[in-house]
Amino acid sequence: MKEKINILMFSLTLVAFTIFCAFSLNQNYWLNWLGILIYLYAICTWHWRKGDSIFSLYTIFFTLFLLFSYGQFIMWAFGIGTDRGIGTTVVAYGTGIIPSESDMIMVKWYSCISMFVFHIGALLFTRKTTLRKVSWYESGDADADRKFLFKIGCIISIIVVPIVFVSKLLEVRIALVHGYNALYYGDYATQSGYLQIILYLFFPALICLLIGSNFSKVITRFVFIIFALYSLLGIMSGDRGSWLYSSIILIWAYTQYKGTFNYKKLIKWLILAVIGIYILNVITKARDGGGLSKLTLKDFTSVFDSDDSPLVDSFFEMGGTMSIITFFLISGNGIYPFANTYLTSLLGSISTRMLSMFGIKFVLLADWFSQDYLGITWGTGFSMIAEAYVNGGYIGGIVYIFIIGIVIGKILSNSIDNQDIENHPMKMFLAITTANIIMGFPRAASYLIVKNFVYGVLIILLINFFLQQFNKRL
């Protein structure tokens, strides 16, 4: 009853503040705070209604959703960096478009509505319960599922881990010589082809080992050492995203299983996060400066005496993803001439040949926008909100975000407490590995997200299912 009252009171507060923003003479400023309030509303109502901890997979995802969709406006709410970011410069290279104040108000409203609708979809279509129905990929026997997961993890790790490290060493070499962008564009690009499909199995294989071994000390230590080396090589090549998301998920999984998370540890992790942000700032200098070999001692020390704090820079850089939806809201979604990208993602994730069968041209949305439409040689990235708008327009985009919220909410709600790891290892495997994939969704298009799921998660679920069926017939 207390939880329902809390939700009701917070909902009324949110409605009242939204009305205030709509009629305020200083609407542009107060909308900065509306996004922050929606974030707090999402985290608290999920916690109250689902019984999930504050440090949950949903909290982690929605935090990244906020930072990539509203990061710059958070700083503006506190009066920081009001003379920089979106609205002060050209929003997309070569277009000459500089958003006006009315444009920024439109973007803020659309982003706030999107975040709110996403959360409502996630909240309404998941249930508060730890009672789980047995899904098709589960045997109904937790011990049997763990054994299968461990065997699958061992087999895949033996094959994939060496390939991953050889690939990462090659990336470090290319980045040192030719710079970070060479990994994605040009003759030295490494982020495509069949090798990339194999690499999708790396993180799921490690999770198979952790859950399959019931987080035994030896296996846990082995997994964390392997992942630490993987992260180090990623840092050396200039990567700031994939290993960071996975690190957060690994920390969550470990603390969830051990049941050791508390607010003292939260403070500890926040301190480490701030230190990590400073390190990432140095990595950015390496990327922009042509590679790790170009770094100097001054690059390491300047982050501490710079007028622009790396912490603030991080909000503005992550929040820069909003420039995509800003551009499309101003220009309209009619500039994209191809088929619905969600259809392309679903049909083309297994093989792009399926698209040819239906006469659909294979187009990577982010690449089309950067290389074809803007005519630049680097990637602007994309965003979950912008892709929804491209496919559905203003109203249709909101509907797509609502549906995405339902799907992601259902998956992430499979993790409530450490008992779920004990009693439902397959569901926890699905929640953890899928969370690892979708953490980057707020700043990406859906195709690679779906493809990563198909080849990194679904394939293991299918292997487990067929092994169970084979075992039953023996």
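These numbers come from the heavy atoms of this one structure, side chains and all, not from hydrogens, waters or symmetry mates.
Side-chain contact check for S383 and T321: no donor-acceptor pair (N or O, by modelled atom type) lies under 3.5 Å. For the 3.5 Å distance criterion, the side chains of T59 and S56 qualify, holding a donor opposite an acceptor.
Taking both residues in full, the closest heavy atoms of I385 and S69 are given as CD1-OG, 3.7 Å, listed atom of the first, atom of the second, then distance. Across I401 and M384, no two heavy atoms sit closer than the pair CD1-O, 4.0 Å. Shown here for G121 and I406, the closest heavy-atom pair between the two residues is O-CG1, 3.5 Å. For the pair T18 and L34, the tightest heavy-atom approach, listed with the atom from each and the gap, is OG1-CD1, 3.5 Å.
Shown here are the ring-ring contact (aromatic ring centres under 6.0 Å, His included) partners of F222, two or more places apart in sequence or in another chain: there are none.
The aromatic rings of F402 and F125 sit perpendicular, their planes meeting at an angle over 60°, well past the 30° parallel limit. Between Y230 and F227, the ring planes are tilted. Angles from 30° to 60° get that label. Aromatic ring pairs are classed by plane angle as parallel below 30°, tilted from 30° to 60° and perpendicular above 60°; the pair F73 and Y70 is perpendicular.
Each of Y41, Y58, W46, Y39 was scored for a side-chain hydrogen bond (donor to acceptor under 3.5 Å, both in side chains) with H119, with one residue passing: Y58.
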Step-by-step side chain to side chain contact (heavy atoms under 4.5 Å, CB included) determination, I463 to F148: CA-CA 9 Å; I463 291 171; F148 281 124; over 6 Å; no

Which pairs would a plain distance check flag for residues 199-206, meaning a side-chain donor or acceptor within less than 3.5 Å of a matching protein atom at least two apart in sequence or in another chain?
none

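At a threshold of 4.5 Å between non-hydrogen side-chain atoms, the residues L57 and I249 count as touching. Residues I74 and L66 meet the side-chain proximity criterion, which asks for heavy atoms closer than 4.5 Å.
Without hydrogens or angle criteria, R49 side chain to L123 main chain gives a donor-acceptor distance under 3.5 Å. The backbone N or O of L210 lies less than 3.5 Å from a partner atom in the side chain of S213, making a donor-acceptor pair.
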